[in-house]
Amino acid sequence: MLTSLFKNIVYPPKSVSNKKLSEAFAGKWVVITGASSGIGEALTLRLIEAKANLFLIARNEEKLVQLCNKARGNGCEARYKTIDLRQRDELDAWCETLKEELPAVSFLFCNAGKSIKRSISLSLDRMHDFDRTIDLNYRSMVSLSLALMPSLRNAGGSIVYTSSVSSRYPFAPGWSAYHASKCAANAWCRTARHERKKLGVKVQVAYIPLVHTPMSDVNETYKNLPAYSADEAACILLKLAMSKRFRYKPWWAL
Ligand SMILES: NC(=O)c1ccc[n+]([C@@H]2O[C@H](COP(=O)([O-])OP(=O)(O)OC[C@H]3O[C@@H](n4cnc5c(N)ncnc54)[C@H](OP(=O)(O)O)[C@@H]3O)[C@@H](O)[C@H]2O)c1
């Protein structure tokens, strides 16, 4: 009883009607990174219901094929790309072909991400932790955004970045790699917001609180805490994308 009261206060329920989603997304091209699991998969399922055309990106091919088949079965156009978004050269080369392939994109959800919790004192021989978080959580978002900017402009489109509310408290012990990468992306988005007139593209950030997904459930403590479901987090991203607001943050976040 007390737990559910706490959950409803800290994590007020999130939903969005399929009718509203169809009005906003049907027939439009939507690119989603990290579509194979957790929040990205939930987002994809919602957009399939809304009859959006989907371009899905992740490494797990079996899952992307399954989602594309489901999308096509529901009358959507669907394509996918399996790529490790940390591989800079491969990503940059592919971005060149992607912009030709998708001349008009209405929404780019930059959602793929990886969290690492490890103190700096335990990271002395682990520079790769800092490289892989920055490459996935920050650099891949910038690379895809730059490549798709003309396509987004052609469609009056938006970029929506899945950030974390914890990056608003970046001094939390153990989170130096994750928070630094998320803060870099936050800063890029905030700058893009102020350059919007020249860019011609809306950029939005969602500071998402805890969500039960394969990423967070690795941590036993988080697994047992109240949190949003992946579908609720997807609803937060979709509502933000449909709005004129720059950001989503929970009411309690300073
Ligand atoms: N869960 C939370 O509590 C929480 C809270 C705030 C923000 N977030 C953010 O939400 C986003 C989604 O996370 P999630 O919780 O849904 O985690 P998840 O279930 O682990 O999903 C992560 C997604 O990112 C993709 N990905 C990971 N590494 C990749 C790589 N090297 N190249 C390409 N794709 C890669 C994964 O696909 P493959 O493995 O198939 O490549 C997967 O689709 C992340 O940006 C995360 O930082 C999560």
Side-chain angles (χ1 to χ4, degrees), residues 10-11 14 31-46 54-68 80-88 90-92 94-95 108-117 128-129 131-144 159-170 172 175 177-186 188-189 205-238 240 247-250 253:
V10 179
Y11 295 90
K14 298 289 173 188
V31 178
I32 303 172
T33 70
S36 63
S37 168
I39 300 169
E41 183 182 4
L43 188 59
T44 302
L45 292 172
R46 283 285 185 157
L54 297 170
F55 198 109
L56 308 180
I57 303 169
R59 291 167 302 177
N60 182 338
E61 182 159 29
E62 199 183 332
K63 196 67 201 232
L64 296 185
V65 168
Q66 197 187 314
L67 288 166
C68 281
Y80 72 89
K81 170 76 178 173
T82 50
I83 184 168
D84 183 339
L85 290 168
R86 297 168 303 181
Q87 301 303 323
R88 294 184 173 198
E90 194 190 342
L91 174 60
D92 295 349
W94 174 61
C95 277
L108 166 60
F109 286 95
C110 293
N111 166 80
K114 169 89 185 149
S115 70
I116 295 177
K117 183 169 190 273
H128 59 281
D129 282 351
D131 286 340
R132 61 196 176 132
T133 44
I134 207 81
D135 281 348
L136 180 61
N137 299 344
Y138 166 66
R139 191 186 180 283
S140 75
M141 179 276 284
V142 176
S143 181
L144 280 164
I159 298 166
V160 184
Y161 180 64
T162 311
S163 191
S164 165
V165 75
S166 64
S167 66
R168 296 174 68 90
Y169 312 100
W175 293 102
Y178 182 62
H179 284 173
S181 63
K182 286 292 190 190
C183 285
N186 297 346
W188 190 91
C189 292
V205 186
Y207 298 106
I208 302 279
L210 187 63
V211 183
H212 285 307
T213 67
M215 179 193 286
S216 56
D217 285 352
V218 163
N219 184 314
E220 279 302 316
T221 314
Y222 294 159
K223 200 173 175 176
N224 297 312
L225 286 176
Y228 278 130
S229 67
D231 180 65
E232 286 181 298
C235 290
I236 290 172
L237 294 175
L238 290 163
L240 180 65
R247 69 173 184 197
Y248 158 84
K249 71 175 182 65

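All figures in this text were calculated on a predicted structure; none of them were measured in a lab. Counting starts at 1 for both ligands and their atoms, following the listed order. FYI, the numbering just counts along the sequence from 1.
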- Task: With His179 as reference, evaluate Ser115, Ser167, Ser166, Ser164 under the side chain to side chain donor-acceptor pair (under 3.5 Å) test and give the passing residue.
- Result: Ser166
- Task: Please step through salt bridge (charged side-chain N to carboxylate O under 4.0 Å, His left out) for the pair Lys114 and Asp129, ending with a clear verdict.
- Result: CA-CA 10 Å; Lys114 169 89 185 149; Asp129 282 351; over 6 Å; no
- In ligand 1, which numbered atoms sit nearer than 4.0 Å to a non-hydrogen atom of Asn60? 40 (O)
- Message: Can you see whether Asn60 engages Ser36 through a side-chain donor-acceptor pair at a distance of less than 3.5 angstrom?
- Response: no
- Note on the structure: atom 37 (O) of ligand 1: of Ser36, Ala233, Ala227, the nearest heavy atom sits on Ser36
- Is there a heavy atom in Lys182 that sits closer than 4.0 Å to ligand 1? yes
- Atoms in ligand 1 with a heavy atom of Gly38 nearer than 4.0 Å: 16 (O), 19 (O)
- With a 4.0 Å cut-off on heavy atoms, is Ala230 touching ligand 1? no
- Non-hydrogen atom of Tyr178 closer than 4.0 Å to ligand 1: yes
- Message: I'd like to know if the side chain of Thr213 reaches the main chain of Ile39, judged simply by a donor and an acceptor atom lying under 3.5 Å from each other, with no hydrogens or angles considered.
- Response: no
- shortest atom 17 (O) of ligand 1-to-protein heavy-atom contact is with Met215 CB, 3.3 Å
- Item | Enumerated ligand 1 atoms positioned under 4.0 Å from heavy atoms of Leu210 | 3 (O)
- Message: Ignoring hydrogens and geometry beyond distance, is a side-chain donor-acceptor pair present between Lys182 and Tyr161 at under 3.5 Å?
- Response: yes
- Of all the atoms in ligand 1, which lie at a distance below 4.0 Å from a heavy atom belonging to Pro209? 5 (C), 6 (C)
- Roughly how far, to the nearest 0.5 Å, is CG of Leu67 from CG of Leu54? 9.0 Å
- Item | Spacing of Lys117 atom NZ and Trp175 atom CH2 [to the nearest 0.5 Å] | 6.5 Å
- Message: Starting from atom 18 (P) of ligand 1, what is the nearest protein heavy atom, named by residue and atom, and what distance separates them?
- Response: Ser37 OG, 3.5 Å
- Query: So which heavy atom in the protein is nearest atom 3 (O) of ligand 1, and how far is it from that ligand atom?
  - Reply: Val211 N, 2.9 Å
- Note on the structure: Value for CD (Gln87) from CZ (Arg59), rounded to nearest 0.5 Å, stands at 10.0 Å
- Message: Nearest 0.5 angstrom please: Ser163 OG to Asn111 CG, how far?
- Response: 11.0 Å
- Item | Residues Asp131, Arg139: salt bridge by 4.0 Å N-O rule | no
- Message: Out of all atoms in ligand 1, which are within 4.0 Å of some heavy atom of Gly113? Include the element for each.
- Response: 22 (C), 24 (O), 27 (C), 44 (C), 45 (O)
- Query: Between Leu210 and Val165, is any pair of side-chain heavy atoms under 4.5 Å apart?
  - Reply: no
- Item | His212 side chain vs Leu225 backbone, donor-acceptor pair below 3.5 Å | yes
- Note: ligand 1 atoms sitting under 4.0 Å from heavy atoms of Thr162 are 9 (C), 10 (O), 11 (C), 45 (O)
- Message: Starting from atom 48 (C) of ligand 1, what is the nearest protein heavy atom, named by residue and atom, and what distance separates them?
- Response: Ile39 CD1, 4.0 Å
- Separation between CD1 of Ile159 and SG of Cys189, rounded to the nearest 0.5 Å: 7.5 Å
- Message: Just to be sure I read this right, does ligand 1 sit under 4.0 Å from the backbone of Ser163, its side chain, both, or neither, counting only heavy atoms?
- Response: backbone
- Task: Could you tell me the residue and atom name of the protein heavy atom closest to atom 44 (C) of ligand 1, and the distance to it rounded to 0.1 Å?
- Result: Asn111 O, 3.2 Å
- State whether the shortest distance between N or O atoms of Leu85 and N or O atoms of ligand 1 falls below 3.5 angstrom. yes
- Do me a favour and list the nearest non-hydrogen protein atom to atom 15 (O) of ligand 1 with residue, atom name and distance? Thr213 OG1, 2.6 Å
- Message: Checking a contact table here: which protein heavy atom is nearest atom 31 (N) of ligand 1, and how many Å away?
- Response: Asp84 OD1, 2.8 Å
- Are any of the heavy atoms in Ser115 under 4.0 Å away from ligand 1? no
- Any non-hydrogen atom of Ile83 lying under 4.0 Å from ligand 1? yes
- Message: Need the ligand 1 atom indices (1-based, order shown) with element for anything under 4.0 Å from a heavy-atom of Ala35.
- Response: 43 (O)
- Task: Look at atom 23 (C) of ligand 1 and say which protein heavy atom is nearest, naming residue and atom and giving the distance to 0.1 Å.
- Result: Gly34 CA, 3.6 Å
- Query: Can any side-chain N or O of Thr133 pair as donor or acceptor with the backbone N or O of Tyr178 at less than 3.5 Å?
  - Reply: no
- Run down the list Arg59, Gln87, Lys114, Lys63 and name the one with the heavy atom closest to atom 39 (O) of ligand 1. Arg59
